[in-house]
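These notes concern the structure reproduced below.
Quantities reported herein were computed from a predicted structural model and do not represent experimental measurements. Below, read A as the first sequence line, B as the second, and so on, with proteins coming before strands; counting in each chain starts at 1. Quick note: numbers below take in every heavy atom, side chains included, and nothing from hydrogens, waters or symmetry partners.
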Protein chains: 2
Amino acid sequence: MKDDRLSAIRHYLFEKTSASIHEIAEAVGASLPTVRRDLLTLETEGAVRRTHGGARIADSAGIEAAFEVREQTCIAAKRAIGLAAYTDLSPDMSVFLDAGTTVLQVARRIRMNPLPLSVFTNCLAVAQVLTDIRDVSVTLLGGRLRSRNASVLGALAERMLEQLWFDQLFLGASTIGDDGCTYTMDEDEARLNETMITRAARQVTRLDERLDLITDDSLAAPWLDKLAQAGCQTRTVSLDPEEAAEQGEDAA
Amino acid sequence: MKDDRLSAIRHYLFEKTSASIHEIAEAVGASLPTVRRDLLTLETEGAVRRTHGGARIADSAGIEAAFEVREQTCIAAKRAIGLAAYTDLSPDMSVFLDAGTTVLQVARRIRMNPLPLSVFTNCLAVAQVLTDIRDVSVTLLGGRLRSRNASVLGALAERMLEQLWFDQLFLGASTIGDDGCTYTMDEDEARLNETMITRAARQVTRLDERLDLITDDSLAAPWLDKLAQAGCQTRTVSLDPEEAAEQGEDAA
DNA sequence: CAGATAACGATCAATGTCAATCAGAAATTT
DNA sequence: AAATTTCTGATTGACATTGATCGTTATCTG
């Protein structure tokens, strides 16, 4: 399928930064002319920059590709977490969805089986997923745009958050650190998350058993204290064996 | 019977993200033409996005789809207006971009030829276009999400706007009424625009000669007064003959 | 500077997919 | 119970996509 191939080429180029036509053709299992055509379409989309004998990833497309890659890592675990979180929802609740690929799965689940909700979020991707759903009103936090995870941050966001109140907060594991424990939380994000917790009547943070990198993250310890102090109960979702198997090294 | 199959296809696509027609047909136990018909209905509902050989889940059906149809009407005029507005920009300005397809062209122009800017907007599409551009900081207004034009509205947005200040305001013609003069402004949007004007040091509203529907719109008169009172100068951009010709009946 | 090599673009045959029509089956209505 | 409506499945022609080939152009090297 063409769409899958385009996506594969983009992800491959994101990994390698640049590659030759032959390399791409072998990677995606297509012929050379097809790869050329695909690179043409990707170039018109602005995703890649074509060179003689190969192609490079476009600078502007890097963030987007990185987001897609992060979204696909541990996808089964994230979906399972999303389902578990979804079951906690009741009609006419007001919930806050944090920015992150794991929480995004909760949003997708809501889109799949809608129920009347008041949703607050600081993530543009979450807002997009939840647009145009009956009985789901979405309120987006304002603030400085952070392209890395399509979220808003900053003093404006915190001030706006202080005017809100919600029944339940879904603080994604990505906030603490997922996708290979390379994620370091910045100051603004930490403060915003702190404010979130103060505004939530009940906090739920789900920790997958395989995301044990919390112990690796120096920022995790104070957060765990904060969450425990706020009365957070950590739960574990179990993955089906084949789902866990097909993830393999993603745990990293 | 049919509803069950539609639901099954939706769930299957939700799990797999994308799948081929054959795959879906086998999964739900139906023939290929039936699957095609089902995908057609699901596409009109906005649940899936059909591709050649298969279909994908519609992640952000609302924003892009709602915009794309309107974005193509009077595209040449909007581009010309966007270029004219772009020339008014100077480095290190702080500007506000309103929600609308015309203003979106200004954002696209900025992305093509970036310059250091502080951009404020209440439009998710504008924010997306301007993400990850060097020296362009984007601040998004918060508030209740309005799916029609991917913007935020409401008291929260107004309150946030009152904390901001910008040199120049691009209040799109779409705010007053474009795309066939069927657009009626709602109360929240009117109040938000009013607040915008009070926060702008200089307001620029561009009116295309062909968008004469202002005289048809009862809401236009008070707005014109307001704009004139604020010192707005209305200008006209001239379209190249062929560009005007290729638009034809779009004027409506 | 010139030859050689590789890549690019275009064209063509082949495969697969899409859309529309038609016949049959199932469900609902009368 | 009969008839109408709706839905399903198959077929056909049109279209898109893919892969191979060829002529041209660009790049590399001696």
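Counting non-hydrogen atoms under 4.0 angstrom, B:T51 reaches the backbone sugars and phosphates but no base. Across all strands shown, A:I21 has heavy atoms under 4.0 Å from sugar-phosphate atoms exclusively, and none from any base.
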Under 3.5 Å, which donor-acceptor pairs link side chains of residues 23-33 of chain B to any protein atom two or more places apart or in another chain?
| residue | atom | partner | partner atom | Å |
| --- | --- | --- | --- | --- |
| B:E23 | OE1 | B:S20 | N | 3.4 |
| B:E23 | OE2 | B:Y12 | OH | 3.0 |
| B:S31 | OG | B:T34 | OG1 | 3.1 |

Report, one line per pair, each donor and acceptor closer than 3.5 Å where one atom sits in a side chain of residues 112-121 of chain B; sequence neighbours left out.
| residue | atom | partner | partner atom | Å |
| --- | --- | --- | --- | --- |
| B:S118 | OG | B:S137 | OG | 3.4 |
| B:T121 | OG1 | B:L97 | O | 2.7 |
| B:T121 | OG1 | B:C123 | N | 3.0 |

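Rounded to an integer number of Å, the gap from CG of B:D4 to P of C:dA27 is 13 Å. For the pair A:L32 CG and D:dT21 C1', the computed distance is 13 Å after rounding to whole Å. Rounding to whole angstrom units, CG of residue A:L6 and P of D:dT18 are separated by 8 Å. Atom CZ of B:R5 is separated from atom C1' of C:dA26 by 13 Å (rounded to the nearest Å). What separates CG of B:D38 from C1' of D:dT8 is a distance of 10 Å, to the nearest Å. When the C1' atom of C:dA19 is taken as reference, atom CD of B:E43 falls 14 Å away, rounded to whole Å. Rounding to whole angstrom units, CE of residue A:M1 and P of C:dT17 are separated by 9 Å.
Contacts of residues 9-20 of chain A with DNA chain D (heavy atom under 4.0 Å): none.
The salt bridge (charged side-chain N to carboxylate O under 4.0 Å, His left out) search around B:D132 returns none, not counting sequence neighbours. Listed by chain and number, the residues in a side chain to side chain contact (heavy atoms under 4.5 Å, CB included) with B:R50 are B:L39, B:L40, B:E43 (sequence neighbours excluded). By the salt bridge (charged side-chain N to carboxylate O under 4.0 Å, His left out) test, A:R10 pairs with A:E68, sequence neighbours left out. Under the side chain to side chain contact (heavy atoms under 4.5 Å, CB included) criterion, B:R109 pairs with B:R79, B:L83, B:Y86, not counting sequence neighbours. Scored by the salt bridge (charged side-chain N to carboxylate O under 4.0 Å, His left out) test, A:E64 finds no partners at all (sequence neighbours excluded). Partners of A:S94 under the side chain to side chain donor-acceptor pair (under 3.5 Å) rule, at least two apart in sequence or in another chain, do not exist in this structure. Judged as a salt bridge (charged side-chain N to carboxylate O under 4.0 Å, His left out), and not counting sequence neighbours, A:R56 has no contacts.
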Subject >> Base-contact (B) and sugar-phosphate-only (S) positions in nucleotides 24-30 of chain D, heavy-atom cut-off under 4.0 Å, - elsewhere >> reply: --SS---
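Among D:dG9, D:dA20, C:dA7, the nucleotide with an atom closest to any side-chain atom of A:H22 is C:dA7. Of all nucleotides listed (D:dG19, D:dG9, D:dT8), D:dT8 comes nearest to the side chain of B:K2.
Residues A:E71 and A:K78 are not paired through a salt bridge, judged by the lack of any N-O separation under 4.0 Å between the basic side chain and the carboxylate. With respect to the salt-bridge test (charged N to carboxylate O, under 4.0 angstrom), the residues A:R49 and A:D59 do not qualify.
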**OP:** Check the pair B:F170 / B:D98 against side-chain contact (heavy atoms from CB on, under 4.5 Å), numbers first and verdict last.
**Re:** CA-CA 6 Å; B:F170 290 102; B:D98 182 37; 6.0 Å; no
Nucleotide N/O of nucleotides 9-15 of chain C paired with protein N/O under 3.5 Å:
| residue | atom | partner | partner atom | Å |
| --- | --- | --- | --- | --- |
| C:dG9 | OP2 | A:R50 | NH1 | 3.2 |

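For the OP1/OP2 pair of D:dT18 and a distance below 4.0 Å, the side-chain nitrogens and oxygens of A:T34 include no atom meeting the criterion.
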